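Reckoned from all heavy atoms, side chains included, excluding hydrogens, waters and symmetry mates. Note that the structure is a prediction, hence the values are computed from the model and not measured.
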Amino acid sequence: MENINETSTDFFLMGLFPPSRFGLFFFILIFLIFLMALFGNLSMIILILLDTHLHTPMYFLLSQLSFMDLNYISTIVPKMTSDYLSGNNSVSFIGCGVQCFFFITLAGAEALILASMAYDRYVAICFPLHYPICMSKRVYMLMITGSWIMGSINSFAHTAYVLHIPYCRSRTINHFFCDVPAMLTLACMDTWVYEYTVFVSIALFLVFPFMGIACSYGQVLLTICHMRSTEGRRKAYLTCSIHLTVVTFYYAPFAYTYLRPRSFRSPTEDKVLAVFYTILTPMLNPIIYSLRNKEVTGAMRRVIQRSCSVEM
């Protein structure tokens, strides 16, 4: 292995599962979660596409979130599965860069789309008369396009950096995917300046959007308290609680992982936290948005009834 590390440009991922029955159990569990995430997010995208009642800005943004989650988990789990089954944990230099690019792009874009969804609910509840103007098709398409473009630009900058720094230590990455902070520990140069740019990037894509979401929902809660309709208050509380649950599951472990200085981080803790925002969140999002959402369950019934009537 040492000879390979010295002469090869490939990286080696330590992975997530130990070579034991315990590791096999977790591998099967993660693979089942992956299948559930694929099914849930694909179902959500198809449902929103087929049912005209869901052709609203909120659900178009939700379909985009499902599309991002679908690609997000597919960037990580198939490679991890292949490594575990084949016993070959190597990943080419370019392959690692490609995984880095897609991971950072999707992570940043998803953070921004969640903020866009919070703005959508803020306008819908606090300024319902202005909603058709503030959330016109042009506006939410700009939100979606802007999320992808900003995520891609940010990702290109980070990926270009990690592919151009010299690696003179062991090329074994103590993670289950090509994560930039884990790769920086292998660099043979001081990367403290770049680590400050990571803080800036996290602030732009996580901290500021989260502050915007918190302010939006603060205003929403004040508006809900003044609502006369009990049904309106219940529906608004339900919508907000669902979105805040998704935001917490995504933002909290992500921010905790990347905002800590290197001296306070441990590879094991980083891998456990990464499971939340790379694997569990893409599986939970469609479940959270569908189980307690009467519009989604109603659309599901209509699509199933139409399918059954066509077959008959």
Discussion item. Can you see whether D179 engages Y258 through a side-chain donor-acceptor pair at a distance of less than 3.5 angstrom?
Written reply: yes

Worksheet entry | For the student: nearest non-hydrogen atoms of G97 and L163, plus distance | CA-CD2, 3.8 Å

Fill in: Donor-acceptor contact below 3.5 Å, side chain K271 vs main chain N174
no

Worksheet entry | Pairwise side-chain contact, L273 with E269, heavy-atom cut-off 4.5 Å (strictly under) | yes

Practice prompt. State, with a plain yes or no, whether a side-chain heavy atom of F34 is found less than 4.5 Å away from one of S74.
Written response: yes

Worksheet item: Going from CG on L49 to CE on M44, what distance comes out if it is rounded to the nearest 0.5 angstrom?
Response: 13.5 Å

Discussion item. Using side-chain heavy atoms (C-beta onward) and a distance below 4.5 Å, is I30 in contact with F17?
Written reply: yes

Worksheet item: Do L24 and Y84 come close enough that some side-chain heavy atom pair is under 4.5 Å?
Response: yes

Worksheet item: What's the verdict on ring-ring contact (aromatic ring centres under 6.0 Å, His included) for Y277 and F249, showing C-alpha distance, side-chain angles and the deciding distance?
Response: CA-CA 7 Å; Y277 56 79; F249 267 107; over 10 Å; no

Practice prompt. First locate atom CG of L244, then atom CG of L221, and finally report the distance between them rounded to the nearest 0.5 Å.
Written response: 7.5 Å

Discussion item. To the closest 0.5 Å, what do you measure between CG (L38) and CG (D69)?
Written reply: 11.0 Å

Worksheet item: Can you tell if the side chain of M68 reaches within under 4.5 Å of the side chain of W148, non-hydrogen atoms only?
Response: yes

Fill in: Student check: side-chain heavy atoms of C100 and V180 closer than 4.5 Å
yes

Practice prompt. Of all the heavy-atom pairs spanning C178 and L13, show the shortest one and how long it is.
Written response: N-CD2, 4.1 Å

Fill in: For L259 against I202, the heavy-atom pair lying closest together
CD2-CG2, 3.3 Å

Response to the item:
On a heavy-atom basis, the closest approach of V296 and Y59 is CG2-CE2, 3.7 Å

Worksheet entry | Any L70 side-chain heavy atom under 4.5 Å of L42 side chain | yes

Worksheet entry | Rounded distance [0.5 Å steps], CD1 in I45 versus CG in L65 | 9.5 Å

Worksheet, complete the sentence: Rounded to the nearest 0.5 Å, the OG1 atom of T145 sits from the CE atom of M150 at a distance of 12.5 Å

Worksheet item: Is there a side-chain contact between Y251 and P209 (heavy atoms, below 4.5 Å)?
Response: yes

Discussion item. Whether R21 engages the ring of F25 as a cation-pi pair (distance to the six-membered ring centre under 6.0 angstrom, angle to the ring normal within 45°) should be assessed.
Written reply: no

Discussion item. Is the terminal nitrogen or CZ of R171 (NZ for Lys, CZ for Arg) located under 6.0 angstrom from the six-membered ring centre of F12 and within 45° of that ring's axis?
Written reply: no

